[in-house]
Amino acid sequence: MLSLIITAFLPFLSSAFGQTVYLAGDSTMAPNGDGAGTGTDGWGQYLGQYLTLPVSNQAIAGRSARSFTDEGRFTTIINDVVAGDFVIIEFGHNDGLSGDVDNGREDAFGDSLTATATVTETDGSTEVIHTFNYYMTNAVNSLKAKGAIPIVSAQTPDNIWDGDVMAAPPRFVPYAQEVAGNTSTTYIDHYDYVAQAYEAIGETTVNTYYPIDHTHTSITGANVVAEAFVRGLLCSSSTLKNFVNSAGEAAPSE
C-alpha cells in the first residue's frame, strides 16, 4: 500500500523538487529540425505534452555523439543536472564516416571503447577520434556520477522503405543498445517503435511527414515520432514512465 501511495505522489514530488527531463540529440530531436527554416521540427519539441515533467530540449541540428562531446554540449548538461533529473540521449544520423576529409562529426568505426582513428582536417592537420560507444558511454557515466538518470535511445528511422516495411536499421541502433546494456541504463528502441507506427500508417501518408528529405520531419511527423518514444518508454522499466500523463497513456501502441 505504501509503495502505491508513493507512486501516486511522484508527479507532485517531482514538481516540488524541480525534476527535469533533458534531451541531447541531433536535428531529428531538435527545435526547428534542420535549423534552416524549412518547416521541419524535431520530436523533442512534442515530448513535453505527454509528461508531467518539464523538458529542456538541448538537441541541435548536425550533431553527433562526437561533436556534441567536443563542443562541450554534454558537459553543459552534466553541469546543469541535479540528482533525479532524466537525460534522454539519441544520436546516430550524423555519426557515420565522412570520407577522406573529416567533417567534425564522424566517429571511429566500430563499437570498441578503446579503438581510435586518425582523421585529416580541412587544413591538413590530423585528429585522433573515438567510437560512438566511447562518446556515449562517457556521457552516460558522467551523468550517472551526478545522480542523473540517463536513457539511451536508438536513432529514428529515415523515410526509406523496403517493400511495405521500413528499411533495416543502421549500425548505430545496436551500438546504442550495447551502450545501454554495458552501463546498466534504460534503452528505448526508438527506431523500432517509429517503424511500427509508420508501417501501421502506411508509406503514402508517412511520405507527407518528410517535406524536404528522408530525414527531417514536419510538425505532424515529429509528433508521431514523439508518441512512438512515449510508447517505448511505457514498455520499458524506466521510472520516467511514472511521469507519463493521460495523453501519453493514450499514445497509439503501433
Side-chain angles (χ1 to χ4, degrees), residues 20-65 67-68 71 73-74 76-77 86-96 105 151-161 166-167 169-170 172-173 176 188-234 240 243-245 247-248 250-252 254:
T20 300
V21 179
Y22 289 86
L23 306 182
D26 56 36
S27 59
T28 61
M29 180 192 268
N32 302 313
D34 70 341
T38 57
T40 61
D41 213 355
W43 69 270
Q45 290 298 94
Y46 304 93
L47 180 62
Q49 65 189 326
Y50 301 118
L51 301 175
T52 59
L53 298 179
V55 175
S56 176
N57 191 354
Q58 302 297 310
I60 185 168
R63 270 49 180 191
S64 65
S67 61
F68 210 83
E71 293 173 3
R73 298 181 187 277
F74 272 130
T76 296
I77 296 175
F86 294 91
V87 185
I88 301 168
I89 308 172
E90 183 179 289
F91 288 101
H93 282 284
N94 300 308
D95 291 80
R105 305 180 300 185
I151 296 172
V152 176
S153 178
Q155 71 173 81
T156 56
D158 284 330
N159 185 31
I160 300 174
W161 294 73
M166 303 301 296
F172 298 105
V173 171
I188 305 293
D189 192 346
H190 203 184
Y191 190 102
D192 186 59
Y193 281 99
V194 173
Q196 290 180 46
Y198 281 0
E199 289 161 12
I201 293 167
E203 182 177 2
T204 299
T205 299
V206 170
N207 285 342
T208 68
Y209 299 162
Y210 290 83
I212 63 169
D213 56 24
H214 57 58
T215 301
H216 299 97
T217 51
S218 66
I219 291 172
T220 300
N223 194 62
V224 172
V225 175
E227 289 179 336
F229 179 86
V230 173
R231 181 51 49 190
L233 179 63
L234 288 170
L240 181 57
F243 304 103
V244 174
N245 61 23
E254 57 178 38

| query | Residues two or more places apart in sequence or in another chain: which of them pass salt bridge (charged side-chain N to carboxylate O under 4.0 Å, His left out) with Glu203? | reply | none

| query | Does the side chain of Leu23 come within less than 4.5 Å of Gln58's, by heavy atoms? | reply | no

| Value rounded to 0.5 Å, distance of CG in Asn32 from OG1 in Thr40 | 7.5 Å

| task | Compute the centroid of each ring, for Phe68 and then for Phe91, and state whether the two points are separated by less than 6.0 Å. | result | yes

| Do you know which two heavy atoms are closest between Arg105 and Gly62, and how far apart they sit? | CD-O, 2.7 Å

| said: Using a 3.5 Å distance criterion without hydrogens, assess whether the side chain of Thr28 forms a donor-acceptor pair with backbone atoms of Gly42. | reply: no

| query | Shortest non-hydrogen contact from Tyr50 to Ala226? | reply | CE1-CB, 4.3 Å

| said: Once rounded to the nearest 0.5 Å, what's the spacing between atom CG of Leu240 and atom OG1 of Thr52? | reply: 8.5 Å

| task | Tell me yes or no: between the side chains of His216 and Ser27, is some donor less than 3.5 Å from an acceptor? | result | yes

| message | Using the rule given for side-chain hydrogen bond (donor to acceptor under 3.5 Å, both in side chains), can you reason through Asn223 versus Gln49, listing the C-alpha separation, both sets of side-chain angles and the distance that settles it, and then say yes or no? | response | CA-CA 10 Å; Asn223 194 62; Gln49 65 189 326; 2.6 Å; yes

| task | Look at the side chain of Ser64 and the backbone N and O of Ser67, then say whether any donor-acceptor pair between them is shorter than 3.5 Å. | result | yes

| Would Glu90 and His190 satisfy side-chain hydrogen bond (donor to acceptor under 3.5 Å, both in side chains), going step by step from the backbone distance to the final call? | CA-CA 9 Å; Glu90 183 179 289; His190 203 184; 2.7 Å; yes

| message | So which atom in Ala176 and which in Ala154 form the shortest heavy-atom distance, rounded to 0.1 Å? | response | CB-CA, 4.3 Å

| Please walk me through it: do Ile212 and Asp34 pass side chain to side chain contact (heavy atoms under 4.5 Å, CB included)? | CA-CA 10 Å; Ile212 63 169; Asp34 70 341; 3.3 Å; yes

| task | Measure the CD1-CD1 distance between Ile151 and Ile88 for me, rounded to the nearest 0.5 Å. | result | 5.0 Å

| task | Look up atom CH2 in Trp43 and atom OG1 in Thr217, then write down how far apart they are to the nearest 0.5 Å. | result | 11.0 Å

| field | Asn207 side chain near Asn159 side chain, heavy-atom distance below 4.5 Å | value | yes

| query | Backbone N or O of Ala61 within a donor-acceptor pair of the Arg63 side chain at under 3.5 Å? | reply | yes

| Taking the side chain from Arg73 and the backbone from Ala24, do they hold a donor-acceptor pair closer than 3.5 Å? | no

| task | Determine, stepwise, if the pair His93 / Thr156 fulfils side-chain hydrogen bond (donor to acceptor under 3.5 Å, both in side chains). | result | CA-CA 8 Å; His93 282 284; Thr156 56; 3.0 Å; yes

| Do the side-chain N and O atoms of Asp41 and Tyr46 include a donor-acceptor pair separated by under 3.5 angstrom? | yes

| message | Quick check: closest heavy atoms across Gly202 and Trp161, and the distance to 0.1 Å? | response | C-CH2, 4.0 Å

| said: Determine whether Tyr191 and Asp158 satisfy the following criterion, side-chain hydrogen bond (donor to acceptor under 3.5 Å, both in side chains), listing intermediate values before the conclusion. | reply: CA-CA 9 Å; Tyr191 190 102; Asp158 284 330; over 6 Å; no

| query | Any donor and acceptor pair, going by atom type alone, linking the side chain of Glu199 with main-chain N or O of Met166 inside 3.5 Å? | reply | yes

| message | Is there a side chain to side chain contact (heavy atoms under 4.5 Å, CB included) between Thr215 and Tyr210? Walk through the geometry before answering. | response | CA-CA 7 Å; Thr215 301; Tyr210 290 83; 5.6 Å; no

| request: Can you see which heavy atom on Val224 is nearest to which on Tyr198, and at what distance? | output: CG1-CE1, 4.0 Å

| query | Between Asp26 and Ile60, is there a donor-acceptor pair closer than 3.5 Å when you use the side chain of the first and the backbone of the second? | reply | no

| Can Tyr209 and Ile201 be said to form a side chain to side chain contact (heavy atoms under 4.5 Å, CB included), step by step? | CA-CA 11 Å; Tyr209 299 162; Ile201 293 167; 3.7 Å; yes

| said: Nearest 0.5 angstrom please: Glu227 CD to Leu47 CG, how far? | reply: 11.0 Å

| field | Distance in Å, Thr76 OG1 paired with Glu71 CD, rounded so as to fall on 0.5 Å steps | value | 10.0 Å

| message | On a heavy-atom basis, which atom in Pro211 and which in Ser218 lie closest, and how many Å separate them? | response | CD-N, 3.8 Å

